[in-house]
Structure formats: structure tokens, C-alpha cells
Amino acid sequence: MKTTPDRPLDFIRQIIAEDLKNGKHKQVITRFPPEPNGFLHIGHAKSICLNFGIARENNSVCHLRFDDTNPGKESTEYVNSIQEDVRWLGFDWGEHLYYSSDYFDKLYDFAVQLIELGKAYVCHLSGEEMRKYRGTLTEPGKESPYRDRSVEENLALFTQMKNGEIEEGTCALRAKIDMALPNIIMRDPVLYRIMKTPHHRTGDKWCIYPMYDFTHCLSDMLEKITHSLCTLEFENNRALYDWVLDTLDTPCHPQQIEFARLNINFTVMSKRKLLQLVDENHVNGWDDPRMLTISGLRRRGYTPASIRNFCDGIGIGKRSSWIDMGVLENAVRDDLNVLAPRVLGVLRPLKVVITNYPEEQVEELEAQNHPQNPEMGSRMVPFCREIYVEQTDFMEDAPRKFFRLSVGREVRLRYAYLITCREVIKDEEGKVIELRCTYDPETRGGSAPDGRKVKGTIHWVSARHALQTEVRLYDRLFSVENPDMDKEKDFKEFVNPDSLQILENSMLEPSLKEATTADRFQFERQGYFCLDNRDSTPDAPVFNRIVTLRDSWAKLTKKK
RNA sequence: UGGGGGAUGGUCUAAUGGCAAGACAGCGGACUCUGACUCCGCUUAUCGGGGUUCGAAUCCCUGUCCCCCAGCCA
């Protein structure tokens, strides 16, 4: 993994480098603060790589902190999946696992302090009323009639709130700032609300819970975070972050810095929308291989390194941007190209009978596991009279540049023989169901002693030895670049109906019987594949296509 | 409309007063027992208008466009 980037620092790393250089900080501490209310997705991966990456580059630590201040939406199921995902991505928080809920006692004390300072009050405005009092973008708000309660009264009321003596929704603790400020966030924001909901960690202990803006800055401060990195939509909240820390006169004051969140085209990124896709069965769960959740990517076959490389490659900036899905796909290809052993697998089989090959004969032919890397060795693949080739590798009326099978044309069977197509067998409906070919016994291994050039090489599998499997081909989940763009239509109307294609009759070379869920393969000329970690069984293997190979032939034919 | 941010090829990122660079995409070519990989070449950008300066993507003024904020969500 890269620890010293060979490119210029992004603006956040520049700030940090400067802070270190001028002695503002001796070491940096960052944090990744997910709310445990859903599964992590590729957008979180960007933040994880940033925060843990910065810590690693500076020989420091990044805290994992669950921001669990809204018990109705949060659960330990999510806590566990988030830890698994961060670890899988290759990061380690060491001893530094924290929960905002660990700070509830301290947070409560800080709230009391604020009241004593005359900087917070208990407000009995209803939600509806509070909205009216808040004003609008252009008009200032009005002060709450409860704003000038005495410190004693506020203290007493806040204690009652804490003790469960007040019903949910009847009042809330608010900061006393300024109802006329143009930044609406600062118009006496709510700090604590009553919620008689048990918490997944603190149980029934609390019936008041602190709001994000109050919790986050103080949690950062308690953990001595130096740089608190978050996304752009929190820019307005920074004023409140700073206000809380300034008025409480805390021993340290972390710096919040905002960066642009990740957007990728042909997908949606918000937890809310991902949840809808799951709940309404547009996909099969959070870990559906078409989902850009970490668990979905893992199941799809993406490597942690490919996701890290992707995140490092897209950069950190402040302008909202859209990354092309192709960049993500390219990141796995790059990684797998080096790592993945090559095998032969026929996705859509077409039977070929080699008429001049002895009926009972079987040959074992040597095949390289990775032509660019001889150290990965070789294996033996069986060959016999009947084989399968890819349906798309045969064409009846083939154009001149189609370097594959057609009557009268000669191609090379990868690592095997040169064969020539002699005859096409069709069923009653005219569908091609079999090819009759002859082979040249002099070309064993794939090269012709007379030196004749054969342009096309195709993959094949011995019919007698083939491993028959299910293969799942995935395509982009949405058929438009930005599913959210159309305000008239729901984003789910743009789900790509062909995003999952199941092939039940694929024929793979027999060595794949040994495959495990840890393996990833390149099916030559097709793409990268792995065993599905959920549905595959030893008796009925299921392979997922991680990503296709680049296909300049497909590109060419599409153009015409 | 008040406030907070942002604008560099098709996309993303760099250049921090001194030759606008890289990646992805695209196009063309070389190589090839994977139409893959690799390699070579090419097309394409500083939001508009003023100003400061020998020199501006960068500094100043001005305009335009885009994003965020009116949850007792985070």
C-alpha cells in the first residue's frame, strides 16, 4: 500500500502538513464517525481512506467512532457490519473504538454548564411552532417566549427531562445564540430532545439524547481529534461546531474541514435510497453484487486494494463532482490483471465436434496460469473430441475482420490445436446447435510447424470434463447517468432491467472445481470472476462476473 | 431572495504570479496463442467582462452559473 504519495498533496493534507510544520500540532489524530443506521458504501470508503490514510501517513491513529445519538434508527447489526467493512478495506483502529454514547454523561454535564452560562434554555415550543419561529432564508427568526427563563428554572426543567418526567416532544434544550443570524443553523439550535426509546448500548438509562451538532464537536474534543474531516453539507454547521467549543472553553478545539462527497454515475449513493432498493426488492439485500455497498462490492469480487486505489485516485476537493463508473471498474481490472490466474470458461456453450479426432482419446495440454507472470506456473487441461466454444465465437456470415469461427475459417483453440470449421448443424428452427470441425494434428499446443499465421485464438472447454455451473453477469444498476435528475420520476424507475443476467449452463475447465471464495480468476477473453460468497455450494457452484475485460471488438461492432 | 461554498478538456485531479500537467474516456497505430495486457501517437480545458503586472488559472473589481442550509436526522 502506498504511504508516500508520489503526487501533490490534496488541500487537506496540505493544511495538515502546514500545521505539523509550524508546530500547531505534534501529531495528527483523525476519526471516521459513521452512524450505525445502515451499511457502508463506496462513498464511506472515500472518507475511510482519507481519514485512516492520513493517520497512517503520519504514523498516527484514526479513531472509529459510532455516532449513535438517534437510537430509533440504530442497531448493533450495523455496528458489526461497519467494523467488518472497515477491517476488510484494510484499516485498523487499534484500541481506538469509541461510541458517542460513551460520552452521554459528559455531554449532559456540558449541557448543564451551558445552561449555567446562560447559553442554553429549555424551550416548550412545539415542533410546528419552532419552525415558524425560525424564520426563513430571507427573514430573521423570532425569539422563543421561553428564551429568558432563569438558570434555575432551566436547570430544574432539564433535570425533569432527564428523569423522564416530561413527555416526548413537549420541550427541548436549545442553545441561546441569535435568532436573527443569516446562518439558520445558528438560530437557537436544539441541543437535546426527549426520546423515550431504548438505546442499543445504554438501554433505558437515557430518555434524552443529544443532537449531532452538540455531540460531534465535543466527542472530537474529548478524543483530542486534531482534524475533523466531513463532507460539504456540513459547512454551515461548522459555525455551531466552533460556537459550542468556544463557549464551553474546552482544552482543545479540533478543526473541521469539509470536502466533496463522492458521486458516481449510473448509481445512487444515499443510505436512504439504498435502503429503498433493498426494502422494495429491486435488489437482493444490502450485499447484492450490483450495490455499491462495501458488502456488495466484496460479494461482487472487488478487492480491498482496488477500492483503496480508486479512492486514492479520485482525489479530494471542494467542488461537487461525478466520477465515471468506468473509473471504478478500471480499478478492479488493474488490480486483478496482475493477481488473477487465467482459466478457460465458456459462458454460453456451443458444441463442437472435431470429426477427425479419435473418439476415446483424451490429451492433457499445458496452459499458463498467467502468461505475463511465469512464476504463477501452469496447469494441465483435458482435451477431447467434443468441446464447447462460446456461441459468440461463431458467425455464419462473418465479416472479413471476424477472426473467429465461420465455415471454412481456421482458428486456434487456446493452448490446444488449430481447427477449421467445416459444417454447421441447425435445429428445425434454424438455430445453430453444433459445429463440425477438423483439427490439424501437427499443431498440438497451438503453433503450426509451417509457420502459418492464425489471427484468432478462442477459448474452449472439453465437453467430457466440463464443470457445469451457474454464472451471474452484472451490469450497471441504473440505465441513466443520474437516476435522481428527473424530478417528475422516482429514481427507481430507472433501474436497469438487465442489470442481472443469470446463465445456468456455463461450462468451465475442471480445475475450477477446486476454487474457493477467496479466489478470483480471469476467464480468458471474458472477464474476472469469483465464487458467490452467499449462494455458491460445492455441489452447485455459482460464479459472479466481477467486471468484463475491455472489448475493442464489441466496441467496433457497436459503432457499425 | 439571506448566508455558506464552488467553477480548469467529455470526466476527475494538479499547477499556489513564470512553458496549463496527469489519470480515465475517446481516436489512430504497434505488439499479441486472451480483439486482454503492454507500448507509441493524437484530439480536447482555465465560466464571462474589465483591471493590476514584463508576465494571471492564480491577485483585484464585476457579472453569470452550480451546490448546501428553514429535522426535536446525521
Side-chain angles (χ1 to χ4, degrees), chain A residues 7-11 14 33-35 37 67-70 72-74 123 125-127 130-132 134-141 168-174 181-187 189-195 208-209 211-213 215-216 230-239 258 260 265 271-272 313-324 326-331 333-334 337-338 342 344 367-368 370-372 401-404 411-416 418 445-447 454-459 522-527 548-557:
Chain A
R7 347 165 250 151
L9 300 178
D10 58 67
F11 81 99
Q14 282 179 41
E35 182 188 12
N37 69 344
D67 205 0
D68 52 354
T69 57
N70 191 1
K73 291 184 176 170
E74 298 154 4
C123 179
L125 249 27
S126 70
M130 209 182 280
R131 183 159 12 104
K132 283 183 185 148
R134 191 152 31 225
T136 67
L137 294 180
T138 49
E139 308 154 34
E168 246 180 68
T170 57
C171 64
L173 183 73
R174 292 226 260 165
L181 251 19
N183 182 355
I184 295 174
I185 301 273
M186 296 295 274
R187 319 236 260 231
V190 171
L191 265 22
Y192 263 91
R193 76 284 213 190
I194 300 169
M195 278 180 107
I208 55 172
Y209 292 96
M211 300 285 290
Y212 165 84
D213 286 303
T215 308
H216 205 87
C230 63
T231 43
L232 250 27
E233 62 269 29
F234 291 100
E235 277 175 322
N236 296 318
N237 299 59
R238 190 176 63 236
E258 310 86 14
N265 59 9
K271 274 192 216 172
R272 205 191 92 245
I314 55 178
I316 302 292
K318 289 201 75 148
R319 62 184 124 170
S320 359
S321 55
W322 289 86
I323 306 289
D324 197 293
V327 178
L328 215 209
E329 293 170 344
N330 203 54
R333 275 195 204 103
D334 267 0
N337 178 42
V338 178
R342 285 19 2 180
L344 303 180
Q368 298 301 307
H370 197 305
Q372 276 77 49
K401 294 214 163 192
F402 184 79
F403 306 126
R404 307 178 189 185
V411 301
R412 170 164 34 243
L413 296 175
R414 181 80 158 151
Y415 298 124
L418 267 30
S447 45
V454 178
K455 185 83 178 164
T457 299
I458 65 174
H459 59 282
Q522 185 196 96
F523 291 7
E524 290 204 26
R525 305 208 306 135
Q526 295 290 343
T548 62
L549 251 32
R550 277 206 196 80
D551 189 347
S552 56
W553 170 251
K555 209 184 285 176
L556 230 178
T557 50

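So you know, we letter chains A, B, ... as the sequences are listed, proteins then strands, and number each from 1. In this text, all values refer to a predicted model and were calculated from it rather than measured experimentally.
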Q: Look at all strands and tell whether A:G169 reaches a base, only sugar-phosphate, or nothing, counting heavy atoms closer than 4.0 Å.
A: base
Q: Find the partner of B:G17: check Watson-Crick (N1-N3 plus N6-O4 or O6-N4) and G-U wobble (N1-O2, O6-N3) distances, both under 3.5 Å, and reply none if neither fits.
A: none
Q) What nucleic acid atoms does A:L125 come within less than 4.0 Å of, heavy atoms only: base, sugar-phosphate, or nothing? A) base
**Q.** Same-atom distance (C1') from B:A56 to B:C47, integer angstrom
**A.** 16 Å
Q) Within this structure, what is the CG-to-P distance between A:D10 and B:U16, rounded to whole angstrom? A) 16 Å
Q) Looking only at N and O atoms, is any donor in the side chain of A:R319 or the base of B:U13 less than 3.5 Å from an acceptor on the other one? A) no
(Q) Quick check for you: among B:G35, B:C24, B:G26, whose closest atom lies nearest to any side-chain atom of A:K555? (A) B:G26
Q: Would you indicate what A:E258 reaches in the nucleic acid, counting non-hydrogen atoms under 4.0 angstrom: base, sugar-phosphate, or nothing?
A: nothing
Q: Look at all strands and tell whether A:R404 reaches a base, only sugar-phosphate, or nothing, counting heavy atoms closer than 4.0 Å.
A: base
Q.
Classify A:T215 by what it touches in the nucleic acid, base, sugar-phosphate, or nothing, heavy-atom distance under 4.0 Å.
A. nothing
Q. Considering only heavy atoms and no angle criterion, is a donor-acceptor pair shorter than 3.5 Å present between the side chain of A:E139 and the base of B:U1?
A. no
Q) If you look at every strand shown and take non-hydrogen atoms under 4.0 Å, does A:R412 touch a base, only sugar-phosphate, or nothing? A) base
**Q.** B:G71 glycosidic torsion: syn (within 90° of 0) vs anti
**A.** syn
Q) Can you find an N or O donor on one side and an acceptor on the other, under 3.5 Å apart, linking the side chain of A:Q526 with the base of B:U34? A) no
Q) Any donor-acceptor pair under 3.5 Å between the side chain of A:Q372 and the base of B:A36? A) yes
Q: Decide yes or no on salt bridge (Lys or Arg N to Asp or Glu O under 4.0 Å) for A:R134 and A:E139, but give the supporting numbers first.
A: CA-CA 9 Å; A:R134 191 152 31 225; A:E139 308 154 34; over 6 Å; no
**Q.** A:H459 NE2 to A:Q526 CD distance, which is reported to the nearest 0.5 Å
**A.** 4.0 Å
(Q) Within the 4.0 Å heavy-atom criterion, would you say A:Y192 contacts the bases, only the backbone, or no part of the nucleic acid? (A) nothing
Q) More 5' along RNA chain B: A:K73 or A:F523, using each one's nearest nucleotide? A) A:F523
Q: Scan side-chain atoms only and decide if A:D213 and A:N237 contain a donor-acceptor pair under the 3.5 Å cut-off.
A: yes
Q | Position toward the 5' end of RNA chain B (nearest nucleotide), A:I316 or A:V454 | A | A:I316
Q.
Can you tell me whether the side chain of A:D324 and the base of B:G10 have a donor-acceptor pair closer than 3.5 Å?
A. no
